[in-house]
Protein chains: 2
Amino acid sequence: MSDTPDKPDHVTEPFTVAGLRIDVLDEAFSWYIRSIDTVVSRDLDQRTAHLDVAKGKGKITTLLLVDGYPGIRPSQIAEVLMRDRPATGRIIDHLVKAGDIRRESDEDDQRAQSLFITEKGSALAQEVRDIIRTQENDFFDFIPPEDRQEFMRVLKRAYINMRNKLK
Amino acid sequence: MSDTPDKPDHVTEPFTVAGLRIDVLDEAFSWYIRSIDTVVSRDLDQRTAHLDVAKGKGKITTLLLVDGYPGIRPSQIAEVLMRDRPATGRIIDHLVKAGDIRRESDEDDQRAQSLFITEKGSALAQEVRDIIRTQENDFFDFIPPEDRQEFMRVLKRAYINMRNKLK
DNA sequence: GGCAGTAGTTGTTTTTCACAATTAAAAAGT
DNA sequence: ACTTTTTAATTGTGAAAAACAACTACTGCC
């Protein structure tokens with residue numbers, strides 16, 4: 001049962017992390033995605049620590065969406081974030097309290113809300129854009145230009161693929 | 001300063017998410033990484049919900065490391081996880097309490113610990129390996145085989161790059 | 001022997017995350 | 001016209017996870 005742990009010695013490149021191989025994980029896309037996420041997210045938290053959008057996932061996307069689509073509704077944001085509505089609602093709460101966006105109730109549909117950016121939020125959005133760009137450079141500039149498009153293409157397909165699975 | 005927001009109209013494909021463009025984010029690697037992570041992690045939580053390694057990042061890696069490297073020390077695990085020692089220590093606590101690994105104090109260094117897998121942990125590790133492989137198939141099988149190596153190569157480089165930045 | 005550095009633990013605080021239940025409005029069926 | 005079903009969003013809640021700081025114990029060097 002708990003027999004011989006067969007070493008996969010047919011694997012060409014024995015990739016090691018800090019000198020260690022990590023079993024199935026070192027050929028698992030998900031492991032790298034998750035590890036990179038850890039670092040990128042932590043780094044982003046630090047870069048945005050002084051801003052209203054600091055911490056957690058979703059605030060930045062929400063802010064930029066509201067900036068780009070005046071009158072956008074919470075449910076649309078939730079769909080992009082792939083989060084449930086309670087989570088999305090709280091992100092919106094946060095940004096409303098901070099004065100970066102404001103809520104209005106939708107003209108056509110009294111249940112729904114329309115979200116709009118404020119001046120403060122607009123300035124914040126610009127600051128955030130700069131931070132994102134800087135971080136992209138810091139972390140991903142090692143990717144040779146000719147590889148970038150391909151890498152992005154695969155990432156986008158992975159993302160789309162996952163969205164479809166959620167339905 | 002905060003002048004004209006120049007539309008990058010030289011970008012060939014105006015990629016949209018749920019019919020929306022997401023500003024700088026839709027050309028940001030980090031955004032896709034973070035989004036994909038959200039889904040992959042949530043999915044993994046569900047798949048492992050009935051196991052001791054459910055929830056959060058690090059338990060699975062820890063388990064497999066201990067399985068692969070009998071006598072490994074917590075600090076080595078922390079380095080792979082890119083987490084601080086308190087976080088790593090708690091993951092170890094959790095697995096020890098669950099009876100999947102056990103601690104011994106290192107022969108040579110009384111401060112340090114050596115970790116070992118138990119029989120229960122060994123069985124769990126096997127189960128986890130299967131889950132990881134299944135998830136990889138479910139989420140990433142859309143990547144044509146010829147693109148996989150390249151995608152993995154970039155991910156690994158990104159990961160290594162980030163580890164080095166942490167030092 | 002004293003001091004600096006390393007290994008790990010404990011404590012604490014803040015936040016997140018996901019699920020369930022509720023209110024309210026619109027749309028659809030009869 | 002009136003009931004039922006769906007949709008939009010909020011509130012409540014409980015369990016955790018992540019990051020920091022402070023602490024104990026041991027090693028190894030001058």
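Letters A, B, ... are given to chains in the order of the sequence lines, protein chains preceding strands, and every chain is numbered from 1. Just so it is clear, the model here is predicted, and its values are computed rather than measured.
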Output the rounded distance in Å from [atom1] ([X]) to [atom2] ([N]).
X: H94(B); N: dA15(D); atom1: NE2; atom2: P; result: 15 Å
X: L44(A); N: dT16(C); atom1: CG; atom2: P; result: 13 Å
X: M82(A); N: dA18(C); atom1: CE; atom2: P; result: 12 Å
X: I91(A); N: dA18(C); atom1: CD1; atom2: C1'; result: 13 Å
X: R103(A); N: dA8(D); atom1: CZ; atom2: P; result: 16 Å
X: D106(A); N: dA25(C); atom1: CG; atom2: C1'; result: 12 Å
X: D93(B); N: dG11(C); atom1: CG; atom2: C1'; result: 13 Å

Original post:
Would a distance-only check, ignoring hydrogens and angles, find a side-chain to backbone donor-acceptor pair under 3.5 Å from H94(B) to D52(B)?
Top reply: yes
Original post:
So, is T88(A) near the phosphate of dA9(D), with a side-chain N or O under 4.0 Å from OP1 or OP2?
Top reply: no
Original post:
Would one find a side-chain N or O of S75(B) under 4.0 angstrom from OP1 or OP2 of dT6(C)?
Top reply: no
Subject >> Residues R133(B) and D138(B) bridged, charged N to O under 4.0 Å >> reply: no
Subject >> With S41(B), the side-chain hydrogen bond (donor to acceptor under 3.5 Å, both in side chains) member among D37(B), T38(B), D43(B) >> reply: D37(B)
**OP:** Summarise how protein sits on nucleotides 17-30 of chain D as a single string, 5' to 3': B when a protein heavy atom is under 4.0 Å from the base, S for sugar-phosphate-only contact, - for no contact.
**Re:** SSBBB---BBS---
**OP:** Indicate if I60(A) and F116(A) have the same hydrophobic cluster label, given that clusters are the connected sets of ILVMFWY residues with side-chain heavy-atom separations under 4.5 angstrom.
**Re:** no
Original post:
What heavy-atom pair brings F142(B) and N161(A) nearest, and what distance separates the two atoms?
Top reply: CD2-ND2, 3.3 Å
**OP:** Mind checking the CZ-NZ spacing from R34(A) to K57(B)? Nearest 0.5 Å is all I need.
**Re:** 5.5 Å
